[in-house]
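In what follows, every heavy atom counts, from backbone to side chain, and hydrogens, waters and symmetry copies are set aside.
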Amino acid sequence: MKKLLAASAMMLMASVGGAWAKDAYKIGFIYPTLNNPFFVDQSKGADKAAAEKNATMIHLSGDNQVSKQVQQMEDLIAQGVDAIVVQAVDTAGIVSAVKEANAAGIPVFTTGERIQGAEVVTAIFFDNIESGELGGRWISDNLEGGNVLELVGILGTETARQKSEGFQKGLKEGKNGAKFNLVASQPAEYDRTKAVQVTENVLQANDIAVVYAANDEMALGAARAVEEAGLTGKVAIIGNDGTSDAIEAVKKGTMAATIATPGYLQGFIAVETALHHLGDGKVPAVIPEQSTPITKENVEQADAVLHGTEPDQRYWRALYDK
């Protein structure tokens with residue numbers, strides 16, 4: 001009788017816990033590109049969350065083409081994945097594919113960009129206005145003034161518009177706001193090489209004191225252009241993301257700061273949230289993430305900020321099962 005009860009208990013545990021133990025849980029993650037360190041970090045965070053629950057990840061690069069992301073989502077639907085995470089290149093262009101996933105009963109989660117017009121279980125994103133504002137305010141509160149070059153991302157996207165809006169607000173409202181003059185706001189499409197070219201052109205025509213870039217790849221490109229112009233130490237460069245290359249640049253002094261919006265944590269949160277949902281847990285419609293300036297004063301603690309997934313660091317879990 002005891003053996004029978006033990007066997008029954010094991011069967012019950014398997015049926016209740018099977019969602020977490022099941023090898024078949026397969027999650028597709030579609031990125032704008034995997035040629036950007038931010039999204040590479042995002043994929044590593046996703047892998048860690050998946051490994052904790054014995055899930056399998058499929059990582060796909062959209063190569064900054066929404067048409068490719070749509071095809072990738074359709075492929076994942078055909079494969080019968082259990083959930084899809086997508087950071088859309090174009091939030092409007094991806095809607096039809098998200099609706100296809102909805103119709104197939106596959107839950108969709110988004111990072112970075114919010115999607116309207118289709119069902120998304122949870123949107124995981126940083127407040128881009130706040131992130132940009134932190135950068136602008138840090139400049140205004142910590143630097144003396146001068147001409148500013150702003151490197152924005154891809155014109156027309158929600159992220160680029162919001163970060164720029166926040167940056168200009170923070171720059172103006174900070175302590176030394178009246179001492180700064182925004183002489184150029186130029187797109188460099190989140191690309192290091194393009195940022196080098198844009199920065200070189202602006203430096204030739206203007207005496208620049210500060211460069212703010214909406215991501216670290218552009219900030220690192222600006223740092224290269226500044227170095228080649230012999231201006232390292234004379235032009236302060238502030239980025240956004242907290243990538244490993246940017247952290248090293250802050251340590252070396254070639255960048256003054258980066259506003260850490262950790263891709264690693266974003267990927268981890270997205271996949272952990274998807275798995276919690278698949279395990280019949282309740283998840284919120286929105287998970288707002290935290291941005292933190294990394295400067296020479298706190299750069300030695302950067303790893304904890306960028307990769308902190310210890311149980312007591314998982315602030316987003318307070319939003320589960322409400």
Side-chain angles (χ1 to χ4, degrees), residues 38 125-153 159-186 188 190 195 198-199 202-203 206-223 225-227 231-243 245-263 265 288-306 308 315:
F38 179 87
F125 59 92
F126 295 96
D127 184 329
N128 288 309
I129 294 177
E130 177 193 50
S131 178
E133 186 173 347
L134 278 172
R137 192 172 291 276
W138 187 90
I139 291 167
S140 189
D141 287 347
N142 291 277
L143 303 177
E144 295 301 319
N147 290 334
V148 180
L149 163 62
E150 177 191 13
L151 296 175
V152 301
T159 297
R161 179 184 59 77
Q162 289 182 339
K163 278 190 180 179
S164 181
E165 177 186 336
F167 165 70
Q168 294 185 30
K169 179 176 185 288
L171 183 69
K172 181 179 179 180
E173 294 181 357
K175 182 176 70 174
N176 295 319
K179 298 179 181 179
F180 287 95
N181 178 35
L182 183 61
V183 297
S185 183
Q186 299 285 339
Y190 301 120
V198 172
T199 305
V202 175
L203 287 175
N206 300 274
D207 180 18
I208 298 295
V210 184
V211 178
Y212 167 78
N215 82 334
D216 283 337
E217 281 296 281
M218 293 190 296
L220 291 162
V226 166
E227 180 182 9
L231 296 171
T232 299
K234 297 179 180 179
V235 178
I237 299 169
I238 293 83
N240 194 302
D241 281 346
T243 64
D245 284 352
I247 297 302
E248 286 304 309
V250 172
K251 288 180 180 179
K252 292 176 182 176
T254 54
M255 282 178 56
T258 176
I259 308 304
T261 54
L265 288 183
E289 297 175 78
Q290 298 174 355
S291 300
T292 305
I294 302 293
T295 68
K296 63 182 180 180
E297 284 76 22
N298 67 346
V299 70
E300 297 304 326
Q301 290 77 49
D303 188 65
V305 173
L306 299 170
Y315 60 87

So, the side chain of [X] versus the backbone of [Y]: is there a donor-acceptor pair under 3.5 Å, distance only?
X	Y	answer
Asn128	Glu165	no
Thr243	Phe38	no
Asn298	Gln301	no
Asp216	Gly242	yes

Can you give me the closest heavy-atom contact between [X] and [Y], atom names plus distance?
X	Y	value
Ser131	Ser291	CB-OG, 4.0 Å
Gly239	Ala219	CA-CB, 3.6 Å
Ser164	Glu150	OG-OE2, 2.8 Å
Ala260	Val305	CB-CG1, 4.3 Å

Task: Non-neighbouring partners of Lys169 that pass salt bridge (charged side-chain N to carboxylate O under 4.0 Å, His left out), sequence neighbours left out - done: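 Salt bridge (charged side-chain N to carboxylate O under 4.0 Å, His left out) check on Lys169 returns Glu133, Glu173.
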Task: With Tyr212, the side chain to side chain contact (heavy atoms under 4.5 Å, CB included) member among Ile139, Leu182, Val152 - done: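 The side chain to side chain contact (heavy atoms under 4.5 Å, CB included) with Tyr212 is passed solely by Ile139 among Ile139, Leu182, Val152.
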Task: Pair Thr261-Asp241, side-chain hydrogen bond (donor to acceptor under 3.5 Å, both in side chains): steps then yes or no - done: CA-CA 5 Å; Thr261 54; Asp241 281 346; 3.2 Å; yes
Working to the nearest 0.5 Å, report the span between [atom1] of [X] and [atom2] of [Y].
X	Y	atom1	atom2	value
Phe126	Gln162	CZ	CD	14.0 Å
Leu143	Lys175	CG	NZ	10.0 Å
Glu130	Glu289	CD	CD	11.0 Å

Task: Residue pair Leu151, Val198: steps toward the side chain to side chain contact (heavy atoms under 4.5 Å, CB included) verdict - done: CA-CA 8 Å; Leu151 296 175; Val198 172; 3.6 Å; yes
Open item on the list: Applying side-chain hydrogen bond (donor to acceptor under 3.5 Å, both in side chains), can you list everything that pairs with Asp303, at least two apart in sequence or on another chain?
Closed with: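 His307.
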Task: For Thr295, all residues meeting side-chain hydrogen bond (donor to acceptor under 3.5 Å, both in side chains), sequence neighbours excluded - done: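 So Thr295 forms a side-chain hydrogen bond (donor to acceptor under 3.5 Å, both in side chains) with Glu297.
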Open item on the list: Does Gln186 form a side chain to side chain contact (heavy atoms under 4.5 Å, CB included) with Thr199? I'd like the steps, not just the answer.
Closed with: CA-CA 9 Å; Gln186 299 285 339; Thr199 305; over 6 Å; no
TODO: Check step by step if side chain to side chain contact (heavy atoms under 4.5 Å, CB included) holds for Leu231 and Ile208.
DONE: CA-CA 10 Å; Leu231 296 171; Ile208 298 295; over 6 Å; no
Open item on the list: Atom CG of residue position Asp141 - does it have more than 12 heavy atoms of other residues, nucleotides or ligands inside 6.0 Å?
Closed with: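 Yes, the 6.0 Å shell around CG holds more than 12 heavy atoms from other groups.
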Open item on the list: Check this for me: Lys251, atom NZ, are more than 12 non-hydrogen atoms of other residues, nucleotides or ligands nearer than 6.0 Å?
Closed with: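 Yes - once you tally the heavy atoms of other residues, nucleotides and ligands closer than 6.0 Å, there are more than 12.
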Task: Pair Ile238-Trp138, side chain to side chain contact (heavy atoms under 4.5 Å, CB included): steps then yes or no - done: CA-CA 9 Å; Ile238 293 83; Trp138 187 90; 3.9 Å; yes
